[in-house]
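Everything on this sheet refers to the single structure shown next.
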Amino acid sequence: MSEELIQAADEDEKAKAKRAKKMERKLVRAEERLVDYERLVDRTQHLLNTRIEEVEAARAALAARTEELEESEQRFRQLADAAFEAIIIHAGEQVLDCNEAAIKLYHVSKPQLLQTPFLNYIHPTSLKEGERWLHHATQEPVELAHQSSDGEMIPVEIRSRSILHKGQPALITAIRDISTHKAMQAKLNQIANSDPLTGVGNRRFFMEMGHKEYFRAVRYTLPLSLVMLDVDHFKRINDTYGHDIGDVALKALTKVCVNTLRDCDVLARIGGEEFAIILPGSDLSGGTALAERLRKNVEDNQIETEKGTIAFTVSMGITALHAGDDGIETLLNRADTGLYRAKEGGRNQVDSE
């Protein structure tokens with residue numbers, strides 16, 4: 001082989017070896033990049049797995065929280081429906097939720113209560129206080145008058161506090177129907193202020209009304225008269241016919257008084273056979289004329305009893321409000337003095353002071 005061919009062959013071998021080394025270096029770099037890529041894939045997969053686990057954990061926590069909230073809401077609903085008091089959740093006039101007791105109290109369906117402004121269920125007499133209550137929590141129980149859908153007035157006592165309802169500010173208000181309590185209170189007041197035999201006012205009631213009428217007359221410069229009335233010889237009636245007939249006589253006297261007096265007049269039994277009458281708006285002349293008419297009606301009245309027909313008369317002392325009088329007691333004492341004179345003067349008469 002010629003020297004040129006040998007030299008060419010050597011150069012060719014060198015070129016091949018050079019290309020092989022270059023190829024080998026590229027292969028090493030490719031392998032290194034592959035390793036880096038695999039590491040990156042591993043890290044990405046790890047992060048992805050971690051995120052998936054976090055998402056699943058958050059989803060599980062959300063589901064548990066949702067279930068807990070649903071259970072809590074269900075417990076609240078059960079407690080609210082079991083409550084005797086009406087409970088509403090509201091934002092101003094808008095009712096957001098209510099219990100069964102509220103539906104029964106206002107005689108409406110739940111959709112009607114939720115769709116109607118709550119002002120419709122506040123009685124006109126409580127509108128001013130009701131509007132304040134609709135927008136502000138009450139620190140102490142407040143008595144108001146509400147009304148049902150058919151207009152029936154309902155005395156209620158309310159208490160409320162601020163809450164968040166579905167993330168929005170609201171009030172939760174408990175509404176207690178106090179109709180029975182008010183009726184009982186009125187009955188007790190009636191018992192406390194009424195004479196159990198005749199049904200008219202007692203001394204306590206008379207003094208309370210007397211103070212009111214006295215101050216009204218003084219404030220507005222109005223006439224006012226007061227009458228003291230006593231049954232003549234009442235002890236003789238009891239001794240002759242018995243105390244049961246004496247009671248019948250007092251009831252009959254009360255009936256004559258009620259039929260003779262005006263609606264504005266105040267009649268009370270203040271002790272035994274003694275009665276007192278307040279005549280608002282009557283001066284001495286007018287009051288005396290009314291007292292004379294009452295005296296005549298009593299004299300003409302006859303009572304049929306199991307022990308026979310009986311009749312009786314009354315004596316009266318009357319006075320009117322004077323300048324300088326310092327209270328209803330002054331009028332009462334002056335009328336009592338007139339009554340004493342009427343009895344001393346022969347009974348069955350009216351003495352004015």
Checking [Y] against [X]: is there a side-chain donor and acceptor pair closer than 3.5 Å?
X    : Y    : answer
S315 : D230 : no
D326 : T330 : yes
T309 : E304 : yes

Do the non-hydrogen side-chain atoms of [X] and [Y] ever get within less than 4.5 Å of each other?
X    : Y    : value
T116 : Y121 : yes
L96  : Q168 : no
E213 : L331 : no
I158 : R176 : no
H90  : H165 : no
L250 : V231 : yes
S148 : L105 : no
W133 : S160 : yes

Could you report the tightest heavy-atom contact between [X] and [Y], atom names first, then the distance?
X    : Y    : value
V108 : S149 : CG1-CB, 3.4 Å
A102 : I88  : CB-CG2, 4.0 Å
A145 : T125 : CB-OG1, 3.8 Å
Q147 : I122 : NE2-O, 3.7 Å
L164 : P169 : CD2-N, 3.7 Å
S162 : L171 : OG-CD2, 3.6 Å

message: Please tell me whether V256 and L261 are part of a single hydrophobic cluster in this structure, the criterion being side-chain heavy atoms less than 4.5 Å apart.
response: yes
query: So if you build clusters from Ile, Leu, Val, Met, Phe, Trp, Tyr with side-chain heavy-atom gaps below 4.5 Å, do L197 and V298 land together?
result: yes
message: Please tell me whether F206 and F275 form a close aromatic pair, meaning their ring centres lie under 6.0 Å apart.
response: no
query: Are F118 and H146 close enough that their ring centres sit under 6.0 Å apart?
result: yes
- prompt: Can L224 and L279 be said to form a side chain to side chain contact (heavy atoms under 4.5 Å, CB included), step by step?
  reply: CA-CA 6 Å; L224 178 69; L279 304 175; 6.0 Å; no
Spacing of [atom1] belonging to [X] relative to [atom2] belonging to [Y], to within rounding of 0.5 Å:
X    : Y    : atom1 : atom2 : value
I175 : E157 : CD1   : CD    : 11.5 Å
R203 : I270 : CZ    : CD1   : 5.0 Å
M184 : N189 : CE    : CG    : 12.5 Å
S179 : E152 : OG    : CD    : 7.0 Å
L119 : L127 : CG    : CG    : 6.5 Å
L114 : C98  : CG    : SG    : 5.5 Å

Are there over 12 heavy-atom neighbours, none belonging to [X], within less than 6.0 Å of that residue's [atom1]?
X    : atom1 : value
R347 : CZ    : yes
R219 : CZ    : no
R161 : CZ    : no
K104 : NZ    : no
F234 : CZ    : yes

message: Going by salt bridge (charged side-chain N to carboxylate O under 4.0 Å, His left out), name the residues that satisfy it together with K296, two or more places apart in sequence or in a different chain.
response: D300
- prompt: If only atom types and distance count, is the side chain of T138 paired as donor or acceptor with the main-chain N or O of P141 below 3.5 Å?
  reply: no
query: What is the ring orientation for F215 with H211, classed by angle as parallel under 30°, tilted 30 to 60°, or perpendicular over 60°?
result: parallel
field: Steps toward side chain to side chain donor-acceptor pair (under 3.5 Å) verdict (E299, T313)
entry: CA-CA 5 Å; E299 182 181 30; T313 61; over 6 Å; no
Trace of the side chain to side chain donor-acceptor pair (under 3.5 Å) decision for S285 with D283: CA-CA 6 Å; S285 175; D283 57 15; 4.8 Å; no
Any carboxylate oxygen within less than 4.0 angstrom of a Lys/Arg side-chain nitrogen, looking at [X] and [Y]?
X    : Y    : value
D239 : K235 : yes
R295 : E292 : yes
R334 : D325 : yes
K343 : D232 : yes
E85  : R159 : yes

- prompt: Should T173 and L134 be marked as a side chain to side chain contact (heavy atoms under 4.5 Å, CB included) after you check the CA-CA gap, both sets of side-chain angles, and the distance that decides it?
  reply: CA-CA 9 Å; T173 300; L134 281 174; over 6 Å; no
